[in-house]
Amino acid sequence: MQSRYHQVYADWKRDPDAFWAEAAREVDWFTPFEKVFEAQSGVYGRWFPGATCNTCYNAVDRHVAGGRADQLALIHDSAIAGTVRKFTYAELKREVVALASVLKNQGIGKGDRVIIYMPMIAEAAFAMLACARLGAIHSVVFGGFAARELATRIEDAQPKAVISASCGIEPSRTIAYKPLLDEAIELASHKPERCIVVQREQLRCDLIEGRDIDYADAVAREKAAGANVDCVAVASTDPLYVLYTSGTTGQPKGVIRDNGGHMVMLKWSMDNEFGIKPGEVFWAASDVGWVVGHSYIVYAPLLHGCTTVMFEGKPVGTPDAGTFWRVIEQHGVAALFTAPTAFRAIKGQDPKGEFIPKYDLSKFRTLFLAGERADPETIKWAEQRLGVPVIDHWWQTETGAPITQNPVGLGMLPVKYGSPGVPMPGYDIRILNDAGHEVPNGTLGNVVLKLPLPPACLPTLWNADKRFHQAYLDEFPGFYKTADAGILDDDGYLFVMARTDDIINVAGHRLSTGAMEEVLAEHPDVAECAVIGIADELKGQSPLGLVVLNAGVARDRSAIEKEAIALVRDRIGPVAAFKTVVTIKRLPKTRSGKVLRGTMQKIADKEEWKMPATIDDPAILDEITEALKARGIGV
Ligand code: COA
Ligand code: AMP
């Protein structure tokens, strides 16, 4: 079958308003929009102004009313705890309404912020939807972040309440969340009035009287009382959530997602981009703390009337490299979405794919990979072993949905290994040189998106319009800077090569090396430091810290290095996967004092490198090469 992609993309380009107006018919609006797009509003324009709607209504209530009440909405499969919990749309509604009632009784309503700091349990999804129901703005914080990161987010979002759990379960340990939450609240100057805590049997926690509420008790009371909470009408342009993501400093950026545009784009994407029909089972093996979890564990599958799988576990070790295939068989999964690193982990433990034929994967049609560059070897391995198309697609927390993809729903285009596909409707991708001029096809440059950004993209940053301008819009006027470098080929395929800022990608997790440097600089013996991302076979990249000690420090270097590692784990969290620090004599710099991180990274990765013309003292690079070699790096 010939792909409809080129026709559909041309339709969008010819008349974007008509295109999105048509897509918007798939959403139930309380009051219709006055315009599809208003260029004069907001920073670069706003989608569907004048409309009122509710995301929870579209994700839950309308399916209950529309014949899906008894269809499974959510399957929580914990490979770690060995449990499976299933909720139909009617049951999901009961859970969400009861929790919304608990929140409402605590005075939470439209526009209030609620932080959700939870492991991968069903209650995390209920919490997101309960906030959406009330028009409250949720902000989910990934469980692998430390107390200080949580505190930064509490400080910025100023939540009225936090919804959390007593613990998370990692294969190696049970993580007590409550002490981290208490510490974060202690650190932050803003104090949330309430904490609603799910007590997990694996590790219960103490509740603080007068502040903390037991989630299960409170929800049970509302259910028993037959509480009902209607979906609150919010403006299409009101924020649904704020999701913090790494920026170039220790201060994360609060990406705002609106209600209307987000629903339109996600609903459109399920059919046309992911090729999924309502009623099918969709599984995004990510975490609700990341954008993939927001969009494709919770909102998109539910908006589309699918059954979504929430998985608590790892691709390997819970209990083995066959877990993914077990979940696909057991729940009849049609499409799996995960990060390439998960497949590298599986391939590492089961190189021949011997677990795969042990399971019935007959319903499984497509594998989607995103979050980091998908190496062709991993894609080919998955294609050959699974016998299904493997779709690499490229997007960012900021966009909320794919920017480029091989649009399997519109019909597959030829696969080009190493490319995450072609631009999706809404995206006009250009490659610019540093001076802001477009470069010919085949030339590496800055990947930018012509404004306006399509529905679902961030309209701005939370309380930070100026930072939004500075970070994304100022450098290339008229365009959004993705901070990725890439190439467009003659067929319109994009190749994403590297970040142009100091963000690194570790196991599909987006991390700021700048934030890690800020932490290392806090160590009393550290005079100067740099953190770079070096190649890692499993995780794509891993952070490497290089530190210069204060003059006269006579302490054991390895003790200092261990302390520095512990400091980053303590301040940022285990998710930073920060495991290596090397002490060096001096940092290589340009004559104007800029640290030559790129050159150090090439040395560590054993890539070819040229002596930078502006280097202050070339001998420093030899010192670094030696110091790294002594630690087995770059040899
Ligand atoms: N809460 C607390 N700690 C967490 C956590 C959470 N939700 N998630 C991860 N961590 C911890 C891990 O236990 C680990 O701690 P350790 O240093 O004590 O071992 C650390 O954070 C690093 O985690 P991770 O990078 O995930 O490494 P891992 O060795 O545990 O697992 C993979 C490696 C490849 C199996 C894993 O990264 C994975 O499954 N990735 C899938 C991709 C994915 O989910 N991407 C998200 C975007 S789509
Ligand atoms: P995040 O905001 O966490 O989704 O991270 C976004 C960044 O991850 C992008 O800017 C890219 O650098 C990288 N990324 C995501 N998906 C891909 C992909 N398919 N190929 C290459 N890089 C990707």
Side-chain angles (χ1 to χ4, degrees), residues 80 117-120 124 141-146 165 167-177 180 243-247 253 255 284-297 311-318 321 323-324 337-346 348-349 368-375 379 391-406 418-421 447 458 481-486 494-501 503-511 536-542 565 569 572-579:
I80 290 199
Y117 182 58
M118 287 176 111
M120 283 291 286
V141 179
F142 178 62
F145 281 122
C167 70
I169 317 168
E170 285 292 291
S172 57
R173 63 200 190 284
T174 301
I175 298 152
Y177 272 38
L180 296 172
L243 176 59
Y244 288 89
T245 188
S246 298
K253 297 189 281 200
V255 167
S286 177
D287 189 288
V288 285
W290 308 116
V291 67
V292 174
H294 281 65
S295 293
Y296 291 101
I297 296 175
F311 174 72
E312 187 182 33
K314 303 267 172 179
V316 293
T318 58
T323 305
F324 273 22
F337 177 165
T338 189
T341 189
F343 267 75
R344 289 196 295 269
I346 294 170
Q349 297 223 342
F368 296 93
L369 298 177
E372 54 169 327
R373 187 173 171 275
D375 50 295
I379 294 189
I391 310 283
D392 178 13
H393 56 313
W394 171 65
W395 51 304
Q396 304 189 314
T397 303
E398 288 84 346
T399 66
I403 311 168
T404 65
Q405 191 175 341
N406 195 327
S419 164
V447 185
L458 79 174
K481 177 176 102 170
T482 66
D484 277 316
L494 181 74
F495 291 78
V496 178
M497 310 308 285
R499 289 284 300 197
T500 58
D501 56 11
I503 299 288
I504 58 170
N505 202 311
V506 181
H509 307 143
R510 173 169 160 179
L511 299 167
D536 183 285
E537 227 174 80
L538 172 66
K539 299 191 176 187
Q541 283 184 299
S542 65
I565 290 169
R569 193 178 169 93
I572 295 179
V575 65
F578 188 79
K579 308 235 153 121

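In this chain, numbering begins with 1 at the start of the sequence shown. Note that these values count all heavy atoms, side chains included, but never hydrogens, waters or copies made by symmetry. Whatever order the structure lists ligands and atoms in, that order sets their numbers, starting from 1. Everything quoted here is computed from the prediction, not taken from an experiment.
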Quick one: ligand 2 N/O to protein N/O pairs below 3.5 Å?
from     : atom 1 : to     : atom 2 : distance (Å)
ligand 2 : 2 (O)  : Thr397 : N      : 2.8
ligand 2 : 2 (O)  : Thr397 : OG1    : 2.5
ligand 2 : 2 (O)  : Arg510 : NH1    : 2.6
ligand 2 : 8 (O)  : Gly371 : O      : 3.4
ligand 2 : 8 (O)  : Asn505 : ND2    : 3.3
ligand 2 : 10 (O) : Gln396 : NE2    : 2.8
ligand 2 : 10 (O) : Asp484 : OD1    : 3.4
ligand 2 : 10 (O) : Asp484 : OD2    : 2.6
ligand 2 : 10 (O) : Arg499 : NH1    : 2.7
ligand 2 : 12 (O) : Asp484 : OD1    : 2.6
ligand 2 : 12 (O) : Asp484 : OD2    : 3.4
ligand 2 : 16 (N) : Gly371 : N      : 3.1
ligand 2 : 19 (N) : Asp392 : OD1    : 2.8
ligand 2 : 19 (N) : His393 : O      : 2.7
ligand 2 : 20 (N) : Glu372 : O      : 3.4

At less than 3.5 Å, what protein N or O atoms come close to the N or O atoms of ligand 1? Include the distances to 0.1 Å.
from     : atom 1 : to     : atom 2 : distance (Å)
ligand 1 : 1 (N)  : Gly143 : O      : 3.4
ligand 1 : 1 (N)  : Gly144 : N      : 3.4
ligand 1 : 10 (N) : Glu170 : OE1    : 3.4
ligand 1 : 13 (O) : Glu170 : OE1    : 2.5
ligand 1 : 13 (O) : Arg173 : NH1    : 3.3
ligand 1 : 17 (O) : Arg569 : NH1    : 3.1
ligand 1 : 17 (O) : Lys579 : NZ     : 2.9
ligand 1 : 18 (O) : Arg173 : NH1    : 3.1
ligand 1 : 18 (O) : Arg173 : NH2    : 3.4
ligand 1 : 18 (O) : Arg569 : NH1    : 3.4
ligand 1 : 18 (O) : Arg569 : NH2    : 2.8
ligand 1 : 21 (O) : Pro574 : O      : 3.4
ligand 1 : 25 (O) : Lys539 : NZ     : 3.1
ligand 1 : 27 (O) : Lys539 : NZ     : 2.9
ligand 1 : 30 (O) : Lys314 : NZ     : 3.0

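Residues satisfying the salt bridge (charged side-chain N to carboxylate O under 4.0 Å, His left out) criterion with Arg569, sequence neighbours excluded, are absent altogether. Scored by the side-chain hydrogen bond (donor to acceptor under 3.5 Å, both in side chains) test, Gln541 finds no partners at all (sequence neighbours excluded).
Not one N or O on the side chain of Ser295 forms a donor-acceptor pair closer than 3.5 Å with the backbone of Ala401.
Separation of atoms CD1 (Ile572) and CZ (Phe578) is listed at 8.5 Å; rounding is to 0.5 Å. In this structure, Thr500 OG1 and Lys481 NZ are separated by 5.0 Å, a value rounded to the nearest 0.5 Å. For the atom pair CD of Gln405 and CD1 of Ile391, the computed distance is 6.5 Å after rounding to the nearest 0.5 Å. For the atom pair Thr397 OG1 and Arg510 CZ, the distance stands at 4.5 Å (nearest 0.5 Å).
Between Tyr117 and Tyr177, the ring planes lie tilted relative to each other; the angle falls in the 30° to 60° range.
Arg499 and Glu372 are not joined by a salt bridge, as no carboxylate oxygen comes within less than 4.0 angstrom of a charged side-chain nitrogen.
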